[in-house]
Amino acid sequence: MATLAPIEAVKAQSRGLRGTLADSLTDAPSGSLREHDQQLLRLHGSYQQDDRDVREERRLQKLEPQWRFMVRVRLPAGVCTPAQWLSLDELATGLGNASLRLTTRQTFQFHGIIKHDLKPAMQRINATLLDTIATCGDVNRNVMASSNPIESPAHAEVAQCARRLSEHFLPHTRAYHEIWLDGAKLDGSPEVEPIYGASYLPRKFKAAIALPPSNDVDIFTQDLGFIAILERGRLAGFNLTVGGGMGTTHGDAATHPRLAEVAGFLPVEALLEVAEAVVTTQRDFGDRTNRKHARLKYTIEERGLPWFIDEVEYRAGIKLAPARAFHFDGNGDRFGWLRALDETWHRTLRVRAGRIADVPGAPLLTGLREIARIHRGDFRLTPNQNVTIAGVAIDDRRRIDSLIAHFGLDLAERGTPVSRDALACVALPTCALAMAEAERYLPKLLTQVDATLTRHGLQDEPMVLRITGCPNGCARPYVAEVALVGKALGRYNLHIGGDGSGARLNVLYRENIDEAEFLREFDALVAAWGAQRAAGERFGDFLWRTQRLPLPSGAPGAA
Ligand code: SRM
Ligand code: SF4
């Protein structure tokens with residue numbers, strides 16, 4: 001019989017995620033935590049990292065790596081108040097690396113926190129009525145929901161459903177309160193985890209709710225998804241989607257990205273029961289022996305969707321109805337001022353690669369701070385690493401506009417469609433798994449991509465471009481029309497052929513290419529697109545129609 005992955009024992013023996021974290025935090029003089037505690041820390045919402053830019057230099061100097069901590073906030077549906085924004089900004093400036101990083105799952109990350117400041121950082125986040133519980137690790141992560149309130153009258157209901165899901169799947173252990181908030185210490189056996197059990201889930205687990213026509217949450221990339229179905233403007237229920245995931249490993253054919261499948265329709269009242277049935281089925285049947293094979297997508301792939309649906313229906317005590325019709329028209333954000341049905345206004349600002357910092361000529365952190373000082377609505381972080389200034393009264397628009405202009409926050413309006421929609425994961429220097437640059441390379445890459453599109457007169461056409469520093473897929477690259485996936489420093493795999501709404505996987509087109517090779521390939525493809533496209537045809541659709549990409553087996557026209 002295959003043996004359990006080592007982390008299974010760490011979780012099971014952690015006494016409800018306590019481990020020796022409290023002691024590790026005060027261990028002197030290292031800036032690191034003990035090894036097992038580093039793994040447990042993730043379930044509390046933080047990662048131990050080191051600054052890879054100085055790793056080699058410090059090794060040569062015989063110094064320990066420059067240990068720093070990343071902290072991720074739990075923010076269901078990405079909604080926060082201006083007061084919370086200001087507190088998080090203060091925390092980033094005081095204890096972090098003076099930047100707020102908006103993630104592809106609609107929340108904030110802090111980078112660069114030293115061990116000594118980790119507990120104060122957690123306490124300050126809690127003082128803003130937010131927390132970081134279960135934002136990393138083998139649990140249900142931050143629950144996403146379509147971000148733009150103008151799209152539908154059901155937006156508030158959907159955001160509320162995301163909050164309910166997030167709360168429902170919070171671990172029951174009081175370890176977080178004990179360790180970070182000086183809550184009363186456990187006396188006796190650890191708390192029972194009614195949903196997760198002592199070993200939590202076999203792997204990370206991700207849930208989202210999409211509100212058509214927007215697929216900004218990339219619903220088909222999620223383990224568990226709910227596509228909101230409206231009847232006469234009211235939320236009638238959801239189509240359930242299961243088994244999506246992006247992560248893969250270069251050279252390991254047993255791993256691959258996968259699109260979720262639509263399993264059926266459920267009424268709103270059954271949301272928690274069905275979600276819990278999906279989670280507990282994965283808890284009981286997910287592969288705990290091989291971390292690369294432990295996501296729900298593999299459980300479903302191997303046992304089949306009919307088996308999975310039977311199991312979920314049995315556990316939830318309901319029968320799913322046939323899925324209802326739905327339509328997505330894109331997975332990007334909508335920019336500029338838009339009026340919602342309640343007469344409030346919303347403006348989405350482009351934040352390149354989600355990084356909010358003050359850099360010469362672009363004081364984003366200061367600009368958004370000034371907006372937060374006067375804003376009376378809320379902020380919505382989008383799944384595309386952008387931020388919406390939401391719920392603005394008509395009379396406040398002028399003041400906000402003048403701050404946007406003053407601080408140069410109108411990147412969306414100044415950029416091309418491809419630069420507005422592009423995503424990049426964090427990668428170097430903080431991500432331990434990065435093989436190549438992503439966030440730091442994005443500005444240069446976009447300049448070159450824009451130049452290519454302009455050369456062929458296509459600069460005003462939309463195109464979903466994403467880049468990641470490794471194949472794990474944190475910017476959901478495998479549903480982009482063009483994606484660069486890091487292989488080594490300066491080298492990427494080129495994937496092409498997504499459909500612009502997150503409903504089709506792209507295809508590996510060239511392996512391990514450098515910038516010059518990418519630009520050559522891209523130029524040739526764009527030239528053909530410009531010359532032969534049907535009216536309004538998107539880049540990805542053109543590539544499929546004209547079979548310019550290696551067709552996956554089973555696709556129409558494939559060998
Ligand atoms: Fe991710 C691991 C950053 C969204 C798939 N991801 C990591 C770590 C923690 C690296 C590590 O394990 O040491 C990265 C930290 C970098 C840093 O310095 O901050 C990291 N992931 C991110 C973020 C910040 C990317 C971003 O630029 O916004 C996103 C944080 C989301 C959040 O707020 O929770 C982020 N990661 C995603 C997504 C997209 C999504 O969830 O919608 C994916 C693909 C979807 C999926 O999970 O299938 C994703 N991250 C991974 C994987 C591959 C998982 C797999 O099934 O193989 C890893 C590695 C792992 O788990 O072993 C990973
Ligand atoms: Fe790091 Fe890879 Fe995720 Fe990028 S895709 S943040 S390099 S794990």
Side-chain angles (χ1 to χ4, degrees), residues 5 7 38-39 42 45-52 68-76 78 97 99 101-112 132 134-144 202-208 216-223 225 243-250 252 255-260 290-298 331 351-355 381-385 423-442 466-479 483-487 502:
I7 192 170
Q38 289 178 30
Q39 290 172 330
R42 297 177 183 185
S46 175
Y47 259 74
Q48 180 172 321
Q49 307 181 314
D50 74 299
D51 183 342
R52 294 184 55 185
R68 293 289 182 269
F69 292 83
M70 174 270 269
V71 173
R72 193 180 282 167
V73 176
R74 186 171 67 92
L75 202 67
N97 67 353
S99 81
R101 178 58 158 70
L102 312 186
T103 75
T104 51
R105 292 194 71 76
Q106 294 181 286
T107 190
F108 297 95
Q109 273 188 190
F110 302 93
H111 288 106
T132 67
T135 53
C136 313
D138 296 345
V139 274
N140 177 57
R141 306 288 191 87
N142 196 44
V143 180
M144 299 166 77
R203 199 68 163 87
K204 55 174 62 167
F205 189 91
K206 299 180 172 180
D216 55 353
V217 299
D218 276 329
I219 200 77
F220 301 110
T221 69
Q222 311 284 333
D223 294 274
M246 293 278 92
T248 178
T249 303
H250 289 314
D252 181 349
T255 65
H256 54 84
R258 183 175 192 272
L259 290 186
N290 176 2
R291 303 277 296 164
K292 288 190 190 300
H293 185 253
R295 294 291 292 271
L296 177 63
K297 61 184 177 182
Y298 299 115
N331 55 358
V351 181
R352 196 182 278 159
R355 183 69 66 181
L381 309 195
T382 84
N384 287 297
Q385 302 174 320
L423 296 185
C425 75
V426 178
L428 294 164
T430 53
C431 179
L433 308 178
M435 300 168 176
E437 296 282 358
E439 178 183 326
R440 295 196 293 196
Y441 179 42
L442 185 66
R466 296 177 176 178
I467 175 167
T468 58
C470 86
N472 281 320
C474 298
R476 302 184 288 269
Y478 309 110
V479 288
L484 289 172
V485 174
K487 213 62 233 266

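Atoms within a ligand are numbered from 1 in the order they appear, just like the ligands themselves.
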Starting from [atom], locate the nearest protein heavy atom and write down its residue, its atom name and how far away it is, to 0.1 Å.
atom: atom 4 (Fe) of ligand 2; result: Cys425 SG, 2.3 Å
atom: atom 1 (Fe) of ligand 2; result: Cys431 SG, 2.3 Å
atom: atom 3 (Fe) of ligand 2; result: Cys474 SG, 2.2 Å

Within the 4.0 Å heavy-atom shell around [X], which atoms of ligand 1 are there?
X: Gly245; answer: 48 (O)
X: Leu433; answer: 10 (C), 11 (C), 12 (O), 13 (O), 59 (C)
X: Ala424; answer: 27 (O)
X: Val426; answer: 17 (C), 18 (O), 19 (O), 24 (C), 27 (O)

Of the listed options [options], closest to [atom] (non-hydrogen atoms):
atom: atom 49 (C) of ligand 1; options: Arg203, Gln49, Lys206; result: Lys206
atom: atom 20 (C) of ligand 1; options: Ala353, Ala438, Cys474; result: Cys474
atom: atom 15 (C) of ligand 1; options: Arg101, Gln106, Met70, Gln48; result: Met70
atom: atom 32 (C) of ligand 1; options: His293, Arg105, Lys292, Lys297; result: Arg105

Quiz item: Under a 4.5 Å cut-off applied to non-hydrogen side-chain atoms, are Val479 and Phe220 in contact?
Solution: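 Side chain of Val479 against side chain of Phe220, heavy atoms only: no contact under 4.5 Å found.
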Quiz item: Would you say Arg42 and ligand 1 have an N/O pair spaced under 3.5 Å apart?
Solution: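 N/O-N/O distance below 3.5 Å does not exist for this pair.
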Exercise. Output yes when the distance from some N or O of ligand 1 to some N or O of Thr104 is under 3.5 Å, and no in every other case.
Key: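 It does: an N or O of Thr104 is found under 3.5 Å from an N or O of ligand 1.
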Quiz item: Between Met144 and Pro383, what is the shortest heavy-atom contact and its length?
Solution: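 Result for this residue pair: CE-CB, 3.4 Å.
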Please list, in number order, the atoms of ligand 2 under 4.0 Å from a heavy atom of [X].
X: Gly469; answer: 4 (Fe), 7 (S)
X: Gly473; answer: 5 (S)
X: Thr468; answer: 5 (S)

Self-check item: Region of Ala434 engaging ligand 2 - heavy atom pairs below 4.0 Å
Solution: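 It is both parts that get close, each with some atom under 4.0 Å.
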Exercise. Please state whether Ala427 comes within less than 4.0 angstrom of ligand 2, counting heavy atoms only.
Key: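 For ligand 2, residue contact (heavy atoms, under 4.0 Å) with Ala427 is present.
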Exercise. Please confirm if an N, O or S atom belonging to Cys470, backbone or side chain, lies less than 2.8 Å from atom 2 (Fe) of ligand 2.
Key: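 True for Cys470.
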Exercise. Evaluate the ring planes of Tyr298 and His293, with Trp represented by its six-membered ring, and classify them as parallel (under 30°), tilted (30 to 60°) or perpendicular (over 60°).
Key: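 It falls in the parallel class, under 30°.
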Quiz prompt | Ion pair check, Arg68 and Asp51, cut-off under 4.0 Å | solution =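 Not counted as a salt bridge, because no side-chain N and carboxylate O are separated by less than 4.0 Å.
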Self-check item: Presence of salt bridge, Arg291 and Asp138, under 4.0 angstrom
Solution: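 Looking at Arg291 together with Asp138, the answer is yes, because their closest N to O distance falls below 4.0 Å.
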